[in-house]
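Everything quoted here is computed from the prediction, not taken from an experiment. We use all heavy atoms of the structure for the numbers below, so side chains are in, but hydrogens, waters and symmetry mates are not.
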Amino acid sequence: MGNCFGCSTGADVALTIPSDTADRVLAVSAKGRTRWSRALLTRRLSLRLSQIQRKHKRAARPGSGSNKPAVRKKLPLSSEFPEKTHNSSALSNISIPKYNDKRSFESPKPEAGLIPLSPTAKAFPFNELKNATRNFRSDNLLGEGGFGYVFKGWVDEQSPTAARPGYGLVIAVKKLKPEGFQGHKEWLTEVNYLGQLRHPNLVKLIGYCSEGENRLLVYEFMPKGSLENHLFRRGPKPLSWATRMKVAIDAARGLSFLHEAKEQVIFRDFKASNILLDGEYNAKLSDLGLAKAGPTGDRTHVSTQVMGTRGYAAPEYVATGRLSAKSDVYSFGVVLLELLTGRPAVDKTKTGVEQKLVDWARPYMGNKRKLFRIMDTKLEGQYNRKSACGAATIALQCLSFGPKQRPSMVEVLAMLEQIQATKNSTVHPRA
C-alpha cells in the first residue's frame, strides 16, 4: 500500500506503513472509542502515521547519529494528509483538512469594499458614506423610494472620503433597504447604466458602495428635489408655466438620449418622482434601476416581467409584458399631462373616473375650448393658451392606445421645442 493509509471495511480500523516499521503500526479499534467522532479519530491516526514516517526517514539517513539537526524534507502531498482514500469504507469518504494551514478553514471573505463596476464612478467605502451622512441621520434625510432612503452628505471632491458638513462636494446617497422592492439586481442595473451614460439631462452618478450586504449609490445633489414634490405637495411655490415647459423639454431630451443610444435603453419607470431639478430648475432623469435594454434586430419589443408604477405604465405593456420605447412615450404623456393639470397619475382621494388622470382628462385634451377645465388652478390662468393647447395635443398623441400611433421621443422633443420657439411666452417664470 506504500506511503498511504487504508481503512478496513469492518469495525476495526488499521493503518499500514512500510514493512520495515511494521512493529510501529498503530492499530486502533473503533470499539470503545464511540466518544470520538470519525473525523477526530482519522486525524489522530493520520498525525501518528506522519510522525512514524518522519522518524523512520531520519533513522535511515547517513550520519543520522551526528549532532547536526536533521533537515526536514517535505513529504509528497499524497503522504501528508490525503483528502480522501480510495477504499469503499465509510471512513474513507471523510476529507481530512490540512490543520497546518489555518486559512483552509476560513471561507473566502469579500474584499473590503469594492468591485470595479463603472469606469467613471468612484468606489466608496461604507464607513466613508456613513461619516459623510453623519451616520445617516434623520435630519439629513431627503426622501424615500422603492430603492430605499436618500440622505444628504458631503465628500471630498478629489477622493472617496467624507468631508465636514458644509465643505467639499454635496451629494445624495441612496441606501438600499434590505426588505425594499428594488434589490441588488436593480442596484447593479443603475450602476451600469448611469456609470456609463453621460448626458446633461441624466443625474450624474458619482460613485457607489458594495461592501458586505450594503448597497449604496452616490449622486450629484439636486437642490430643488423632484418634480413630484413641486406639483403635488403643499408648501413649494407652484411652478410657472414657462418652468413646466422647460422641465418637459429637458425630460424629453433625457429620454430621447436613452432611446437613441447605440444600445437602446428603455427607462420603464418614467414618472414625476424620477425627474429631479437642480438649482436652476434644469430637469434630470434619475433612478434607472428598472431600465431595460431595448429590442435588437427586427424585433419591435422585448418581453419581460411587468414592473413600474401604476398610472404611468403603457396599457399594452401591462396587458402583455411587451416592452418597447413607445412604452416610455406613453409614460411621458402621463407626466406631460401632470404638468398641465397639477394632478397625479392616480389620485386615491378622488372617486370614479377622476381617480385615474388619463381617463378623466382625455375628453378635454383635444378641445381648445374645454382645455381650461383641466388646467392646474395653481397657475391662476397665467399660461400661454396656444402653448398649452400644443402641449395637450402632444400629450394626447403620446397616450394613444396603440404603440404604433405614438410618436417617438425624438419627434416629441422636436414638437415641444417648436412650441417653445414660436411662443416666446410673455409670461416669465415665477419659480
Side-chain angles (χ1 to χ4, degrees), residues 113-118 120-157 160-163 165 168-199 201-229 233 251 254 258 265 267-278 283-292 307-309:
L114 316 164
I115 50 178
L117 296 172
S118 166
T120 57
K122 297 177 184 178
F124 284 83
F126 177 74
N127 280 337
E128 293 297 335
L129 295 181
K130 185 177 178 180
N131 293 333
T133 58
R134 296 190 290 176
N135 198 19
F136 306 104
R137 280 174 50 163
S138 58
D139 55 351
N140 279 10
L141 183 66
L142 296 174
E144 180 183 3
F147 184 97
Y149 298 102
V150 184
F151 298 88
K152 185 177 181 179
W154 291 265
V155 295
D156 183 79
E157 294 188 20
T161 56
L169 181 67
V170 187
I171 58 170
V173 181
K174 287 174 69 172
K175 188 174 185 289
L176 175 67
K177 296 178 187 174
E179 73 283 0
F181 172 68
Q182 292 177 262
H184 176 77
K185 183 179 178 181
E186 288 76 20
W187 174 89
L188 190 60
T189 298
E190 186 150 14
V191 172
N192 288 335
Y193 280 132
L194 286 182
Q196 297 178 38
L197 300 173
R198 284 287 184 267
H199 189 270
N201 297 114
L202 292 183
V203 169
K204 182 181 178 182
L205 180 70
I206 296 173
Y208 60 89
C209 173
S210 173
E211 189 172 328
E213 295 182 356
N214 297 301
R215 297 291 181 272
L216 300 95
L217 296 171
V218 182
Y219 299 95
E220 63 175 313
F221 177 66
M222 302 292 282
K224 297 298 183 182
S226 73
L227 175 61
E228 178 187 50
N229 289 346
R233 293 188 182 179
L258 295 176
V265 179
F267 200 107
R268 195 159 60 148
D269 197 25
F270 183 83
K271 56 185 177 180
S273 62
N274 287 340
I275 300 174
L276 303 183
L277 307 175
D278 68 10
K284 302 187 181 187
L285 309 187
S286 70
D287 201 351
L288 270 72
L290 296 181
K292 191 79 174 174
M307 300 184 77
T309 304

Does the pair Y193 and L205 meet the rule for a side-chain contact (heavy atoms from CB on, under 4.5 Å), with working shown?
CA-CA 9 Å; Y193 280 132; L205 180 70; over 6 Å; no

Is it true that K271 and E228 have a side-chain N and a carboxylate O under 4.0 angstrom from each other?
no

Closer than 3.5 angstrom, by distance alone: can the side chain of [X] be matched with the main-chain N or O of [Y] as a donor-acceptor pair?
{"X": "E211", "Y": "F126", "result": "yes"}
{"X": "D269", "Y": "L288", "result": "no"}
{"X": "N140", "Y": "T133", "result": "yes"}
{"X": "R268", "Y": "A291", "result": "no"}
{"X": "N229", "Y": "G225", "result": "no"}
{"X": "E144", "Y": "Y149", "result": "no"}
{"X": "N201", "Y": "A251", "result": "no"}

Which heavy atom of [X] sits nearest a heavy atom of [Y], and at what distance?
{"X": "S273", "Y": "S226", "value": "O-CB, 3.8 Å"}
{"X": "P160", "Y": "P125", "value": "O-CD, 3.8 Å"}
{"X": "S210", "Y": "W187", "value": "CB-CH2, 3.5 Å"}
{"X": "L129", "Y": "C209", "value": "CD1-CB, 3.8 Å"}
{"X": "G207", "Y": "A121", "value": "CA-CB, 3.8 Å"}

Positive for side-chain contact (heavy atoms from CB on, under 4.5 Å) with E220, one of I171, D278, V203
V203

Find the distance between [atom1] ([X]) and [atom2] ([Y]) and round it off to the nearest 0.5 Å.
{"X": "L258", "Y": "H199", "atom1": "CG", "atom2": "NE2", "answer": "8.5 Å"}
{"X": "L197", "Y": "L285", "atom1": "CG", "atom2": "CG", "answer": "11.5 Å"}
{"X": "L217", "Y": "D287", "atom1": "CG", "atom2": "CG", "answer": "9.0 Å"}
{"X": "T161", "Y": "F124", "atom1": "OG1", "atom2": "CZ", "answer": "8.0 Å"}

What I'd like to find out is whether the side chain of [X] reaches to under 4.5 Å of the side chain of [Y], using heavy atoms alone.
{"X": "L169", "Y": "F221", "result": "no"}
{"X": "Y219", "Y": "I206", "result": "no"}
{"X": "L188", "Y": "N192", "result": "yes"}
{"X": "K284", "Y": "I275", "result": "no"}
{"X": "L141", "Y": "V150", "result": "no"}
{"X": "K174", "Y": "R215", "result": "no"}
{"X": "V218", "Y": "V155", "result": "no"}

Please evaluate residues N214 and L216 with respect to the criterion side-chain contact (heavy atoms from CB on, under 4.5 Å), reporting the C-alpha separation (whole Å), side-chain torsions for both, the decisive distance (0.1 Å), and the verdict.
CA-CA 6 Å; N214 297 301; L216 300 95; 3.8 Å; yes

Could you walk me through whether L277 and M222 pass side-chain contact (heavy atoms from CB on, under 4.5 Å), step by step?
CA-CA 6 Å; L277 307 175; M222 302 292 282; 5.5 Å; no

Ring-face cation of K122 near Y208 (centre distance under 6.0 Å, axis angle within 45°)
no

Between M307 and K292, does the side-chain contact (heavy atoms from CB on, under 4.5 Å) criterion hold? Intermediate values first, please.
CA-CA 11 Å; M307 300 184 77; K292 191 79 174 174; over 6 Å; no

What salt bridge (Lys or Arg N to Asp or Glu O under 4.0 Å) pairs are there with at least one residue in residues 123-135, not counting sequence neighbours?
R134-D139

